[in-house]
Amino acid sequence: MAKMHADELRIEEALVRRLLASQFPHWAHLPLRRIEPGGTVNAIFRVGVELSVRLPRRDGPTAPGSKEFDWLATLAPLVPVDVPVPVAQGRPSAEYPWFWEIHTWVEGETVPVDQIDAIQAARDLATLIGAMHQIDPAGAPPGRGIPLAERDEEFRQWLARFDGDPTVTAEWERALAAPPWDGPPVWHHGDLDVRNWLVRDGRISGVIDWGSMGVGDPACDVMVAWKLHSPAARDAFRDALPADDATWERARGWVLSQAVAILAYYTPENNPILFHEAESWLDLVLTAG
């Protein structure tokens, strides 16, 4: 597969083995397997049965700690799904320039939306998001849920590179016109795409990739309603997690802006799964409201 990012590092199994051998030799003998499809931010490898290694592909952290490393152990018992818990953090080396992490492995399969019960998935996701809204936000880091207006400049840049339906501009303006979130900041995952759901026995039992988590406007999680690929599943989500009209409109703007950015940046060659996912999100926004 082509590179997702022109400036990403090539991260091969041999490199990961050398990093483990030098920094965590007690795990270096364990079987190592790359996980596909790969994440857009991290390359992920399974280590033995119980662990995973996550290494940033580009622009990784140059200081120790991270939101996941600092907060996931606290959140894990408070949410109704399994989440990876950090157990160690690797250091930069002569071969790899950034901090990297070892987490617990979460069992489950990454399953395309069209191969699971989307109505049940909508209810599972609504339960997760609702539970996160009940977690005390005191001392929590800011997450992806910034005011939608703060995404406008970046969105216009992606729009200039977007070769698709021109009506997205009017739809974006509609979302920007919605009142901003005026409640207390709430916890959110921030990146609830299907590639981050883990399915067991037809249910979403685990959620991974919490790098965008924090507190802020809940609309950045509510947008998952459009990532279920059908009006019926979208409506089932709203029934299970009622949202005021303004939050619903901002969520619609979030998924619209993400779809445009993905379609302007990635290609069917370097990230086919995410590219086609974004096509589906945008189609639902533009054809079903």
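By the 6.0 Å contact criterion, CD1 on I35 is enclosed, its count of non-hydrogen atoms from other residues, nucleotides or ligands being greater than 12. Heavy atoms of other residues, nucleotides or ligands lying less than 6.0 angstrom from CG of D182 number 12 at most.
Side-chain atoms of R58 do not come within 3.5 Å of backbone N or O of E8 as any donor-acceptor pair. In this structure, the side chain of D124 engages the main chain of I204 through a donor-acceptor pair within 3.5 Å.
Cluster membership check: V41 does not share its hydrophobic cluster with W100, using side-chain heavy-atom separations under 4.5 Å among Ile, Leu, Val, Met, Phe, Trp and Tyr.
Ring geometry, W226 versus W248: the interplanar angle falls from 30° to 60°, so the pair is classed tilted.
Residues R156 and T169 form a side-chain contact, since some pair of their non-hydrogen atoms from C-beta on lies under 4.5 Å apart. Between L263 and E279, some side-chain heavy-atom pair lies under the 4.5 Å cut-off. Side chains of R57 and N42 form no contact here, defined as non-hydrogen atoms less than 4.5 Å apart. In this structure, the side chains of Y265 and L274 stay at 4.5 Å or more apart for every pair of heavy atoms.
The stretch residues 211-220 participates, sequence neighbours left out, in these salt bridge (charged side-chain N to carboxylate O under 4.0 Å, His left out) pairs: D217-R250.
Applying side chain to side chain contact (heavy atoms under 4.5 Å, CB included) to V111 and the options L198, V194, V199 leaves one that passes, V199.
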